[in-house]
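Structure record follows, encoded as structure tokens.
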Amino acid sequence: MSELVVALDFKDARSAFEMAEKVRGVAPWVKVGLELFCAEGPGIITRFKEMGFKVFVDLKFFDIPNTVKGAVRSATRAGADMISLHALGGERMAIAAREGRAEGAGGNEGPLLMAITILTSMDENDIPFPVPDGLGSAVLDLALASSQAGLDGVVCSGLEVEAIKEKCGKDFLALTPGIRPASVSDDQRRVVTPSQAVERGSNFLVVGRPITGADDPAEAARRIVAEMNG
Ligand code: C5P
């Protein structure tokens, strides 16, 4: 069964908590990204956990292995249930991330480690070097490398989930941002609707503005969950 993650891209804790309160009981997860984390720091993770949410810490780690290991250890200690890092960081960075998780979790299971393949806001025109076999093929290569490095899953477009599951196995998790009702057009490019994402096998759907920018965010979230379940 797929789970909804609401992206809380807000400038401060107050606005984020107001929105979290509205979707509490509808979505099991919230996502803390760069904007909110830079404004409020890791304490915000604990506050969401106290509200009953699971927390996806989406800081997209990409650095030398030792630095990523430390960052994952800290985010794990701060209470993250899921953490993103870039697949492009390669095997040594992925292994270091797993070590950081093990150290931070101190014998517990620790958060899911999800590798960013290629951002869903990007299409071929946004990549500053030739991609002769297309973005889909690059995403697949990054996903396979991430699964071989022992990561839990990938962040990808809903368009790519089926091919990834075929190549990496159905237990390899897929988290898909770029979820849009058919009528919406913005900075996201490789988009699918909520039902398409679920049909294709996505385990987690990340939705931000279609919920947080709606006149009635709770109702927007409920409609998306209904579409996911229907
Ligand atoms: O508002 P919207 O639904 O586009 O939000 C999508 C969220 O998912 C944003 O917080 C963005 O940072 C994040 N994200 C993404 N593409 C990725 C990874 C994360 O859009 N590959």
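In listed order, ligands and their atoms are each counted from 1. What you see is a predicted model; the values in this text were computed from it and never measured.
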Quick one: look up the protein heavy atom nearest [atom] and list residue, atom name and how far away it is.
atom: atom 19 (C) of ligand 1; value: K60 NZ, 3.2 Å
atom: atom 16 (N) of ligand 1; value: T120 OG1, 3.1 Å
atom: atom 3 (O) of ligand 1; value: G208 N, 2.8 Å
atom: atom 2 (P) of ligand 1; value: R180 NH2, 3.3 Å

Element-labelled atoms of ligand 1 that are located less than 4.0 Å from some non-hydrogen atom of [X]:
X: R209; value: 1 (O), 2 (P), 3 (O), 4 (O)
X: L119; value: 17 (C), 21 (N)
X: V206; value: 7 (C), 8 (O)
X: A7; value: 7 (C), 10 (O)

Check each heavy atom of [X] against ligand 1 and say whether those closer than 4.0 Å belong to the side chain, the backbone, both or neither.
X: V155; result: side chain
X: D9; result: side chain
X: S121; result: neither
X: D58; result: side chain

Next on the checklist: Under a plain distance cut-off of 3.5 Å, with no hydrogens placed, do D58 and S84 share a side-chain donor-acceptor pair?
Outcome noted: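 There is such a pair (donor and acceptor under 3.5 Å, judged by atom type) between the side chains of S84 and D58.
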Next on the checklist: For atom 6 (C) of ligand 1, which of the options K31, Q188, M114 provides the nearest non-hydrogen atom?
Outcome noted: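 When every heavy atom of K31, Q188, M114 is considered, Q188 comes closest to atom 6 (C) of ligand 1.
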Next on the checklist: Show the nearest heavy-atom pair for residues A96 and P65, with the distance to one decimal.
Outcome noted: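 In this case the closest contact between A96 and P65 is CB-O, 3.3 Å.
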Item to check | ILVMFWY network linking L142 to L175, side-chain heavy atoms under 4.5 angstrom | outcome: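 Yes, L142 and L175 fall within the same hydrophobic cluster.
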Which value, rounded to the nearest 0.5 Å, describes the distance between [X] atom [atom1] and [Y] atom [atom2]?
X: M93; Y: F61; atom1: CE; atom2: CZ; result: 9.5 Å
X: D216; Y: R222; atom1: CG; atom2: CZ; result: 6.5 Å
X: L173; Y: K165; atom1: CG; atom2: NZ; result: 6.0 Å
X: R98; Y: R101; atom1: CZ; atom2: CZ; result: 7.0 Å

Item to check | Atom CD of E219 with >12 non-hydrogen neighbours under 6.0 angstrom | outcome: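 Yes - once you tally the heavy atoms of other residues, nucleotides and ligands closer than 6.0 Å, there are more than 12.
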Item to check | R209, CZ atom: more than 12 neighbouring heavy atoms under 6.0 Å | outcome: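 Counting other residues, nucleotides and ligands, CZ of R209 exceeds 12 neighbours.
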If you look only at distance, which donor and acceptor atoms sit under 3.5 Å apart when one is on a side chain in residues 110-121 and the other is two or more places apart or in another chain?
| residue | atom | partner | partner atom | Å |
| --- | --- | --- | --- | --- |
| T117 | OG1 | V155 | O | 2.8 |
| T120 | OG1 | Q188 | OE1 | 2.9 |

Item to check | Backbone or side-chain N or O of D187 under 3.5 Å from ligand 1 N or O | outcome: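 N/O-N/O distance below 3.5 Å does not exist for this pair.
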Next on the checklist: For ligand 1, which is the ligand I care about here, please tell me if I116 has any N or O atom under 3.5 Å from one of the ligand's N or O atoms.
Outcome noted: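 No, there is no polar N/O contact under 3.5 Å.
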Checklist entry - Is the closest heavy atom of P210 to ligand 1 under 4.0 Å? => result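 Yes.
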